[in-house]
Novice: 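Here it is, the structure, as C-alpha cells.
Position 1 is the first residue of the sequence, and the numbers go up from there. Remember, it's a predicted structure, so these values are computed and weren't measured experimentally.
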Amino acid sequence: SSSSVDAAHKSTLRVRGSFSKVCELTRTRPRIEEIEAMLAERLFAGDDDDDDDDGVAVEEEEGAPTTTASSSISSSSSSSSSLEKQRTRHVYTIDAIADAVHASDEEVAACLETLHAFPLHGHMRLLSPEYRASLFLAVLHTCLAERLDIDALHVADLARVLQDHHIAALRACLSTYGAPKDGAPRHEATMWALSRD
C-alpha cells in the first residue's frame, strides 16, 4: 500500500546534543603574507626531494578539482590531520595552504603566481635563490650554445639540453626572468620570452 511505501522512505532523525548559545560567524582577514614563509620552509634546490617516502598520500595532483564547501565541512578533521602531516614534511598542497591562511582559492592563486611558485608532485614549491640563479645561467648558456631565440624559447628545447633539471623548475625560472608567449598559464606554458631588463 502507499502508506507502507511512505513509511519505508521516512528516515529517523536523532538529536545527539543541543547548543544553547548563538554563534555569529565573522569574516577574518586572510593571512596571505604567511604563504611565502610556508613555502620557504623547504625550498627546491634541484634535487627531487619531494618524493612521498614517509607514506603520506598526496591529496591532489595538478588540475584536480578543489574541495567543495560541503565536503570540507564533513572532512574537517581529516583535512586538519593532513595539514599537520604536511607541516611536518614542510611541503603543502594548494588546499592545505588555503586552509592555513584562511584565504580564497583566487587569493592563494594570485599570491602563488606573484611568488613564482610551481607545482611538483602535487605540492607547491619555491626555487631557492642560489639554484634559481644557477639555473638561469644554465638557460642563458644553452641559448648561446644552441642559438636559441630568447624571444621565443621552447621549454622542450631547454629540457632536451638541461636534462638534469626538472621541467617544472625550468618553467619557474623562466617565469621569474621572462613571460609566457603562448597564452597558457605559467606552470603549463611551452614558449617563453626572456626579459631584456
Side-chain angles (χ1 to χ4, degrees), residues 30-54 56 58 60-63 86-98 100-101 103 105-197:
R31 303 191 299 270
I32 294 295
E33 67 279 357
E34 294 183 10
I35 295 179
E36 184 173 9
M38 290 174 68
L39 297 182
E41 293 173 10
R42 189 170 172 185
L43 296 172
F44 184 77
D47 49 337
D48 199 1
D49 62 349
D50 196 19
D51 289 326
D52 203 4
D53 53 6
D54 61 355
V56 180
V58 173
E60 289 198 48
E61 297 299 328
E62 279 181 62
Q86 291 180 56
R87 284 192 186 281
T88 302
R89 299 175 64 219
H90 305 293
V91 289
Y92 304 92
T93 63
I94 292 180
D95 277 356
I97 293 171
V101 303
D105 293 343
E106 293 77 14
E107 290 168 323
V108 171
C111 181
L112 292 174
E113 183 165 348
T114 300
L115 294 172
H116 305 291
F118 63 98
L120 184 67
H121 304 308
H123 299 108
M124 299 308 297
R125 304 295 298 273
L126 290 179
L127 299 177
S128 73
E130 299 80 10
Y131 176 65
R132 184 178 61 229
S134 67
L135 181 54
F136 183 57
L137 287 176
V139 167
L140 291 179
H141 178 76
T142 302
C143 290
L144 291 172
E146 299 290 319
R147 297 185 178 182
L148 302 177
D149 183 0
I150 66 169
D151 291 320
L153 272 178
H154 288 271
V155 174
D157 293 336
L158 290 173
R160 176 175 47 81
V161 178
L162 303 173
Q163 296 181 10
D164 293 337
H165 301 279
H166 200 288
I167 193 166
L170 279 172
R171 285 195 179 101
C173 179
L174 294 171
S175 174
T176 305
Y177 299 106
K181 289 198 67 175
D182 54 9
R186 289 177 179 263
H187 65 276
E188 297 175 357
T190 58
M191 183 181 290
W192 293 78
L194 293 182
S195 173
R196 296 181 182 273
D197 296 338

Novice: Salt bridge (charged side-chain N to carboxylate O under 4.0 Å, His left out) with Glu33: which residues, sequence neighbours excluded?
Specialist: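 Per chain and number, Glu33 pairs via salt bridge (charged side-chain N to carboxylate O under 4.0 Å, His left out) with Arg29.
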Novice: Only pairs at least two apart or in different chains count here, so list each ring pair (Phe, Tyr, Trp, His ring centres under 6.0 Å) that has a residue in residues 141-165.
Specialist: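 Only Tyr131-His165 qualify under ring pair (Phe, Tyr, Trp, His ring centres under 6.0 Å).
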Novice: If I take atom CZ from residue Arg171 and atom CG from residue Leu158, how far apart are they, to the nearest 0.5 angstrom?
Specialist: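 Here the rounded value is 11.0 Å.
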Novice: Taking side chain as C-beta onward, heavy atoms only, is Leu112 less than 4.5 Å from Leu39?
Specialist: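 SC-SC contact between Leu112 and Leu39 confirmed.
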Novice: Is any side-chain heavy atom of His116 less than 4.5 Å from a side-chain heavy atom of Leu127?
Specialist: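 Contact flag for His116/Leu127 side chains = no.
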Novice: Checking side chain to side chain contact (heavy atoms under 4.5 Å, CB included) for the pair Arg132/Thr176: CA distance, chi angles, key distance, verdict?
Specialist: CA-CA 9 Å; Arg132 184 178 61 229; Thr176 305; 3.7 Å; yes
Novice: What are the two closest non-hydrogen atoms of Ile167 and Ala159, and how far apart are they?
Specialist: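 Closest approach of Ile167 to Ala159: CD1-CB, 4.4 Å.
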Novice: Check side-chain hydrogen bond (donor to acceptor under 3.5 Å, both in side chains) between Glu36 and all other residues, then give those that pass, not counting sequence neighbours.
Specialist: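 Residues passing side-chain hydrogen bond (donor to acceptor under 3.5 Å, both in side chains) with Glu36: none at all.
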Novice: Assess whether side chain to side chain contact (heavy atoms under 4.5 Å, CB included) is satisfied between Val91 and Leu120, documenting all intermediate values.
Specialist: CA-CA 10 Å; Val91 289; Leu120 184 67; over 6 Å; no
Novice: Please name all residues satisfying side-chain hydrogen bond (donor to acceptor under 3.5 Å, both in side chains) with Asp149, sequence neighbours left out, ordered by chain then number.
Specialist: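 Partners of Asp149 under the side-chain hydrogen bond (donor to acceptor under 3.5 Å, both in side chains) test: none.
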Novice: Side chains of Pro129 and Leu43, heavy atoms from C-beta outward: is any pair under 4.5 Å?
Specialist: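 Counting from C-beta outward, Pro129 and Leu43 do come under 4.5 Å.
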Novice: If you round to the nearest 0.5 Å, how far is CD of Glu146 from CG of Leu144?
Specialist: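 Result: 10.5 Å between the selected atoms.
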Novice: Can any side-chain N or O of Arg31 pair as donor or acceptor with the backbone N or O of Ala100 at less than 3.5 Å?
Specialist: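 The answer is yes, because a donor-acceptor pair under 3.5 Å joins these two groups.
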Novice: Taking only residues two or more places apart in sequence or in another chain, which ones pass side-chain contact (heavy atoms from CB on, under 4.5 Å) with Glu130?
Specialist: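 side-chain contact (heavy atoms from CB on, under 4.5 Å) check on Glu130 returns Ser128.
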Novice: Begin with the C-alpha distance, continue with both residues' side-chain angles, and end with the deciding distance and a verdict on side chain to side chain contact (heavy atoms under 4.5 Å, CB included) for Val101 and Met38.
Specialist: CA-CA 10 Å; Val101 303; Met38 290 174 68; 4.1 Å; yes
Novice: Run through Leu140, Leu153, Val161 and flag the one making a side-chain contact (heavy atoms from CB on, under 4.5 Å) with Leu148.
Specialist: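 Result for side-chain contact (heavy atoms from CB on, under 4.5 Å) with Leu148: Leu153.
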Novice: Which side-chain N or O atoms in residues 178-186 pair as donor and acceptor under 3.5 Å with protein atoms at least two apart or in another chain?
Specialist:
residue, atom, partner, partner atom, Å
Lys181, NZ, Asp151, O, 3.0
Asp182, OD1, Ala184, N, 3.2
Asp182, OD2, Thr190, N, 2.7
Asp182, OD2, Thr190, OG1, 2.7
Asp182, OD2, Met191, N, 3.3
Arg186, NE, Glu113, OE2, 3.4
Arg186, NH1, Ser175, O, 3.2
Arg186, NH1, Ser175, OG, 2.9

Novice: Assess the residue pair Leu194 and Phe136 against the criterion (side chain to side chain contact (heavy atoms under 4.5 Å, CB included)); give the C-alpha distance rounded to whole Å, side-chain angles, the decisive distance to 0.1 Å, and a yes or no.
Specialist: CA-CA 10 Å; Leu194 293 182; Phe136 183 57; 4.3 Å; yes
